[in-house]
Amino acid sequence: MVQKGPRPLVLCGPSGSGKSTLLKRLLKEFPDKFGFSVSHTTRAPRPGEKDGVHYHFTTKDDMVAAVQRGEFIETATFSGNMYGTSKRAVDDVRRTGKICILDIEIEGVKQVRNTDLNPLLVFVKPPSIEELERRLRGRATEHEEALLKRLESAKREIEFGQQPGNFHIMILNDNLDKAYTELREFIAQNVQIKDQDKKNDATK
Ligand code: ADP
Ligand code: 5GP
């Protein structure tokens with residue numbers, strides 16, 4: 001069972017669109033307010049990624065078994081690897097009273113949007129596929145095959161992200177400062193809504 005708490009914030013967008021960059025900035029500016037939901041993945045760690053911090057790195061067998069035990073809120077296969085948000089990952093953040101941030105792809109969004117987590121859904125859009133490719137190549141974290149798979153998924157993801165009703169806000173990350181300001185403003189508005197909800201709950 002997942003603890004009750006403030007509405008989680010979901011960041012979704014093609015690989016390389018800037019989710020981690022925006023998230024890192026948010027966590028740095030508001031360390032007491034937001035906490036990152038550490039996902040599980042079967043992909044290999046990138047240089048500098050720490051187990052339990054960036055991801056819980058696991059094997060396919062272990063992850064499938066954990067899914068069968070009902071330990072996950074959502075799971076997806078992306079670029080040949082499994083990814084998922086465990087109930088515990090969200091609980092761990094909620095127990096601290098912080099707002100939980102999930103960085104997940106679109107199949108995961110479809111699974112969490114109608115749960116009682118009632119998440120705020122943010123889509124981060126790159127300026128173009130060409131710029132996305134430049135950024136992914138610049139990041140230099142993927143082999144060519146994995147990079148091409150990510151670009152292929154990106155087209156489908158952007159289509160889904162742009163469809164009205166799929167997200168509460170779409171942020172175009174052409175300029176990082178501008179994108180971050182938009183994200184902050186969106187959060188500021190919705191945190192007020194959350195405080196109002198809390199007051200309403202208290203009167204029940
Ligand atoms: P994601 O987490 O969505 O896969 P990242 O945050 O890792 O994407 O960003 C991909 C790359 O693009 C990184 O190298 C990052 O520094 C760079 N980047 C992010 N936002 C911008 C931007 N507005 N302009 C230029 N480069 C950016
Ligand atoms: P990366 O391998 O670049 O870290 O992540 C690849 C994709 O997987 C990104 O779109 C990211 O948002 C997504 N992702 C990361 N964790 C999860 C998760 O727990 N669930 C789902 N559905 N997607 C995830």
Side-chain angles (χ1 to χ4, degrees), residues 8-28 36-58 63 66-67 71-90 92-93 100-113 115 117 119 121-143 145-158 160-161 167 170-183:
L9 185 74
V10 166
L11 288 190
C12 181
S15 177
S17 61
K19 302 177 299 293
S20 314
T21 308
L22 289 165
L23 220 157
K24 229 163 99 183
R25 208 157 151 178
L26 198 63
L27 291 167
K28 193 170 170 199
F36 181 54
S37 159
V38 182
S39 292
H40 282 63
T41 183
T42 62
R43 82 152 163 76
R46 294 174 183 145
E49 281 185 333
K50 290 198 186 83
D51 190 29
V53 176
H54 299 92
Y55 278 107
H56 297 290
F57 294 100
T58 183
M63 187 144 171
V67 172
E71 293 176 13
F72 281 81
I73 296 169
E74 62 78 29
T75 57
T77 298
F78 181 87
S79 192
N81 291 299
M82 278 179 83
Y83 293 81
T85 307
S86 68
K87 293 175 183 169
R88 174 148 187 209
V90 173
D92 282 349
V93 176
C100 185
I101 307 185
L102 283 71
D103 172 348
I104 61 176
E105 53 66 75
I106 57 176
E107 297 308 320
V109 169
K110 290 177 193 167
Q111 293 164 58
V112 297
R113 66 195 301 178
T115 64
L117 283 177
L121 303 173
V122 177
F123 188 78
V124 182
K125 189 186 164 197
S128 64
I129 293 284
E130 292 72 25
E131 176 59 17
L132 185 69
E133 179 167 359
R134 261 192 294 279
R135 288 184 192 172
L136 271 177
R137 290 196 183 282
R139 194 173 73 185
T141 50
E142 259 64 44
H143 300 301
E145 194 196 354
L147 190 142
L148 293 177
K149 270 194 193 166
R150 280 158 193 261
L151 286 176
E152 194 49 46
S153 306
K155 292 168 196 156
R156 197 169 33 87
E157 292 173 302
I158 291 169
F160 179 80
F167 289 87
M170 186 177 76
I171 295 176
L172 175 67
N173 182 17
D174 50 353
N175 171 285
L176 188 59
D177 286 339
K178 183 175 78 59
Y180 183 67
T181 302
E182 268 185 58
L183 178 62

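All ligand and atom numbering here is 1-based and tracks the order in the structure.
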Inset, instruction - Report the C-alpha distance between E74 and T85 in whole Å, list the side-chain angles of each, state the deciding distance to 0.1 Å, and finish with yes or no for side chain to side chain donor-acceptor pair (under 3.5 Å). - result: CA-CA 6 Å; E74 62 78 29; T85 307; 2.5 Å; yes
Legend entry - ligand 2 contact by K19, heavy-atom criterion under 4.0 angstrom: yes
Inset, instruction - Using the six-membered ring of F167, assess whether NZ or CZ of K125 lies under 6.0 Å from its centre and within 45 degrees of the ring axis. - result: no
Legend entry - Atoms of ligand 2, numbered as shown, that sit under 4.0 Å from any heavy atom of G84: 18 (C), 19 (O), 20 (N)
Inset, instruction - Would you mind checking which non-hydrogen protein atom is closest to atom 5 (O) of ligand 2, with the distance to 0.1 Å? - result: Y55 OH, 3.3 Å
Inset, instruction - State whether the number of non-hydrogen atoms from other residues, nucleotides or ligands found under 6.0 Å of K24 atom NZ is greater than 12. - result: no
Legend entry - Heavy-atom nearest neighbour of atom 19 (O) of ligand 2 within options S39, P14, A154: S39
Inset, instruction - Have a look at E142 and tell me which of R46, R137, R43 forms a side chain to side chain donor-acceptor pair (under 3.5 Å) with it. - result: R46
Legend entry - Where ligand 2 meets G108 - atom numbers and elements under 4.0 angstrom, heavy-atom basis: 22 (N)
Inset, instruction - Please report the shortest heavy-atom distance between D51 and F57, naming the atom on each side. - result: OD1-N, 2.8 Å
Legend entry - Under 3.5 Å: N/O of Y83 near N/O of ligand 2: yes
Inset, instruction - Please list, chain by chain and in numerical order, all residues satisfying ring-ring contact (aromatic ring centres under 6.0 Å, His included) with F36, sequence neighbours excluded. - result: none
Legend entry - Atoms of ligand 2 close to A76 [distance to a heavy atom under 4.0 angstrom, numbered from 1]: 22 (N)
Inset, instruction - May I ask you to check whether L11 has an N/O atom sitting below 3.5 Å from an N/O atom of ligand 2? - result: no
Legend entry - Heavy atoms of other groups near R113 CZ, more than 12 under 6.0 Å: yes
Inset, instruction - Considering heavy atoms of the protein only, find what lies nearest to atom 11 (C) of ligand 2 and give residue, atom and distance to 0.1 Å. - result: D103 OD1, 3.4 Å
Legend entry - Spatial distance of atom CD (E182) from atom CG (N173) [nearest 0.5 Å]: 9.5 Å
Inset, instruction - Enumerate the atoms of ligand 2 whose separation from the nearest heavy atom of R43 is less than 4.0 angstrom. - result: 1 (P), 2 (O), 4 (O)
Legend entry - Sub-4.0 Å heavy-atom contact, R46 with ligand 2: yes
Legend entry - Distance-only side-chain donor-acceptor flag, R139 / T141, under 3.5 Å: yes
Inset, instruction - List the closest protein heavy-atom neighbour of atom 20 (N) of ligand 2: residue, atom name, distance to the nearest 0.1 Å. - result: E74 OE2, 2.7 Å
Inset, instruction - Might you point out which heavy atoms bring P127 and R135 nearest each other, and give the distance in Å? - result: CG-NH2, 3.6 Å
Inset, instruction - Look only at interatomic distance and state if H40 has a nitrogen or oxygen under 3.5 Å from any nitrogen or oxygen of ligand 2. - result: no
What are the polar N/O contacts of ligand 1 with the protein below 3.5 Å, with distances?
from     : atom 1 : to   : atom 2 : distance (Å)
ligand 1 : 2 (O)  : S20  : N      : 2.9
ligand 1 : 2 (O)  : S20  : OG     : 2.5
ligand 1 : 3 (O)  : G16  : N      : 3.4
ligand 1 : 3 (O)  : S17  : N      : 3.3
ligand 1 : 3 (O)  : G18  : N      : 3.0
ligand 1 : 3 (O)  : K19  : N      : 2.9
ligand 1 : 3 (O)  : K19  : NZ     : 2.8
ligand 1 : 4 (O)  : G16  : N      : 2.7
ligand 1 : 4 (O)  : R139 : NH1    : 2.8
ligand 1 : 6 (O)  : S20  : N      : 3.4
ligand 1 : 6 (O)  : T21  : N      : 2.9
ligand 1 : 6 (O)  : T21  : OG1    : 2.5
ligand 1 : 7 (O)  : R139 : NH1    : 2.8
ligand 1 : 8 (O)  : G18  : N      : 3.1
ligand 1 : 20 (N) : N173 : ND2    : 3.0
ligand 1 : 23 (N) : N173 : OD1    : 2.8
ligand 1 : 23 (N) : L176 : N      : 3.2
ligand 1 : 24 (N) : R135 : NH2    : 3.3

Inset, instruction - Answer yes or no: is there an ion pair linking R134 with E130, defined by an N-O contact shorter than 4.0 Å? - result: no
Inset, instruction - Please confirm whether E107 comes under 4.0 Å of ligand 2, counting heavy atoms of the residue only. - result: no
Inset, instruction - Look at atom 13 (C) of ligand 2 and find which of H54, E105, R150 reaches it with the closest heavy atom. - result: E105
Inset, instruction - For residues V38 and V53, report the shortest heavy-atom separation together with the two atoms involved. - result: CG2-O, 3.5 Å
Legend entry - Test applied, side-chain contact (heavy atoms from CB on, under 4.5 Å); reference residue, P14; option that passes from R150, E157, K19, R156: E157
